[in-house]
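First the structure, in the form of structure tokens, and then the observations on it.
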There are 2 protein chains.
Amino acid sequence: MSISSRFSVGIHILALIELNKNTVNTSESIAESVNTNAAVIRKIMGMLKKADLIKVQPGVAGIQFAKSYPEISLLDVYQAVQVVKDNELFSIHNNPNPNCIVGQNVQGSVEHYFNRAQRAMEDELKTIMIKDVVDDMKREVEL
Amino acid sequence: MSISSRFSVGIHILALIELNKNTVNTSESIAESVNTNAAVIRKIMGMLKKADLIKVQPGVAGIQFAKSYPEISLLDVYQAVQVVKDNELFSIHNNPNPNCIVGQNVQGSVEHYFNRAQRAMEDELKTIMIKDVVDDMKREVEL
DNA sequence: ATACATGTAATGATAATGATTACAAGTTGT
DNA sequence: ACAACTTGTAATCATTATCATTACATGTAT
């Protein structure tokens with residue numbers, strides 16, 4: 001299993017806004033950079049918009065940041081594209097046997113620890129900014 | 001998306017070994033507790049065996065721990081059941097446009113941060129022992 | 001009004017998972 | 001040796017999620 005690439009595409013989109021400041025980014029041009037279909041980009045743009053990360057207007061070309069660019073973390077994107085539901089990174093086996101004491105209690109016991117692990121990952125994402133990714137890229141490209 | 005329930009089933013199996021010390025656990029009896037098919041249990045048992053967490057013999061009923069029970073962490077199980085490949089919790093969009101500087105470099109820049117987040121989650125799993133889960137369950141059941 | 005953008009729904013291909021069935025291979029006790 | 005039972009493992013199927021694609025409605029600007 002793997003977390004949907006919507007996440008990495010979302011990051012890609014936001015990075016492009018900063019890196020292509022001087023040009024107008026359309027879903028078409030972004031799709032070219034990502035190498036996917038424009039409809040896919042538009043769908044993800046919609047999610048980023050709903051999460052108040054970007055501003056997009058129907059009918060008018062171009063994307064802008066909706067909040068201060070350096071303040072956008074990977075966690076913001078991760079949550080925006082809804083790639084993992086709250087406390088559901090790990091799935092617990094659905095139907096334990098109701099007649100088995102163990103079966104009935106494993107779920108509750110394990111759930112708490114699963115949430116702890118998921119939170120550790122998300123806390124780490126919170127510390128990483130889109131700006132960090134973009135700065136890395138700028139450095140690489142300038143070599 | 002969600003990480004396969006093989007993980008929680010693997011934990012379930014190991015917990016049963018400790019909780020049912022006095023009885024012989026067969027893939028059939030475990031399958032009843034988990035409420036799934038015995039073949040599913042056998043497959044996961046095979047993975048736990050390969051990772052040297054349990055001892056199972058073809059033809060002979062019963063499972064035993066292969067290493068000291070209190071030393072088995074959730075990370076051990078997680079790795080045994082191969083629910084997430086190394087550094088592939090997050091998937092990066094496959095085919096960036098080779099003509100686009102940004103497309104080509106997003107991957108490398110992002111990968112490093114993705115690995116960091118995955119490692120944070122796995123480090124947390126390392127601190128949680130099967131014994132912790134079992135102790136919680138014993139406490140709950142005794143209420 | 002035309003040209004072009006975003007928004008969104010429907011469809012299809014692909015892949016992963018879990019359940020199930022079936023059977024080979026190993027062990028034990030008589 | 002044989003019968004009964006177990007693990008090991010492969011094949012198949014239904015279900016689900018994702019991504020790509022097509023199509024079209026809706027919105028904006030010149």
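Order of the sequence lines fixes the chain letters, A, B, ..., with proteins taken first and strands second; residue numbering starts at 1 for each chain.
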* Think A:Ser27 has a side-chain N or O under 4.0 angstrom from the OP1 or OP2 of C:dT6? -> yes
* Side chain of A:Ser5 only, please: which of C:dG26, C:dA19, D:dC19 is the nearest? => D:dC19
* For B:Val133, the option from A:Val106, A:Asn105, A:Val110 that meets side-chain contact (heavy atoms from CB on, under 4.5 Å) -> A:Val110
* Asked: Which nucleotide, C:dG7, C:dA9, D:dT6, lies nearest any side-chain atom of A:Val56?
  -> C:dG7
* Given that B:Gln82 and B:Val40 both sit by DNA chain C, which one's nearest nucleotide is further toward the 5' end? -> B:Gln82
* Structure fact -> Of the candidates C:dA19, C:dG7, C:dT27, the side chain of B:Val60 sits closest to C:dT27
* Structure fact -> In whole angstroms, the gap separating P of C:dT6 from CG of A:Leu48 amounts to 14 Å
* What integer distance in Å separates B:Ile41:CD1 from C:dT20:C1'? -> 14 Å
* To do: Take the protein atom NZ of A:Lys49 and the nucleotide atom C1' of C:dA5, then report the distance between them rounded to whole Å.
  => 12 Å
* Structure fact -> Rounded to whole Å, CZ of B:Phe7 lies from C1' of C:dG18 at a distance of 18 Å
* **Under-4.0 Å side-chain N/O to phosphate OP1/OP2 contact, A:Lys43 with C:dA9** => no
* Asked: If you pin A:Gly59 and B:Ile63 to their nearest nucleotides in DNA chain D, which one's is more 5'?
  -> B:Ile63
* Above 12 or not: heavy atoms from other molecules or residues under 6.0 Å from NZ of A:Lys131? -> no
* Structure fact -> Looking only at D:dT22, D:dT9, D:dG8, the nucleotide nearest the A:Ala39 side chain is D:dT22
* Give a yes/no answer on whether the side chain of B:Arg6 brings an N or O atom under 4.0 Å of OP1 or OP2 in C:dG18. => yes
* To do: Please name the residue in the list B:Ile13, B:Val77, B:Asp76, B:Ile17 that meets the side-chain contact (heavy atoms from CB on, under 4.5 Å) test with B:Ile130.
  => B:Val77
* **Derivation of the salt bridge (charged side-chain N to carboxylate O under 4.0 Å, His left out) call for A:Arg119 and A:Glu124** => CA-CA 8 Å; A:Arg119 210 174 316 122; A:Glu124 186 70 22; over 6 Å; no
* To do: Could you check which of C:dT27, C:dG7, D:dA10 has an atom nearest any side-chain atom of A:Arg42?
  => C:dG7
* Can you check whether B:Thr36 has a side-chain N or O nearer than 4.0 Å to OP1 or OP2 of C:dG18? -> no
* Value in whole Å for how far the P atom of D:dT9 lies from CE of B:Met45 -> 11 Å
* Can you tell me the distance, in whole Å, between the CG atom of B:Asn25 and the C1' atom of D:dT6? => 14 Å
* Would you kindly give the CD-to-P distance between A:Glu28 and D:dT22, to the nearest whole Å? => 12 Å
* Asked: Do side-chain atoms of A:Arg6 reach the backbone of A:Ile44 as a donor and acceptor pair under 3.5 angstrom?
  -> no
* Nucleotide of C:dA19, D:dA10, D:dT7 approaching B:Asn37 most closely (side-chain heavy atoms) -> C:dA19
* Asked: A:Ile54 CD1 to C:dT6 C1': how many Å, rounded?
  -> 11 Å
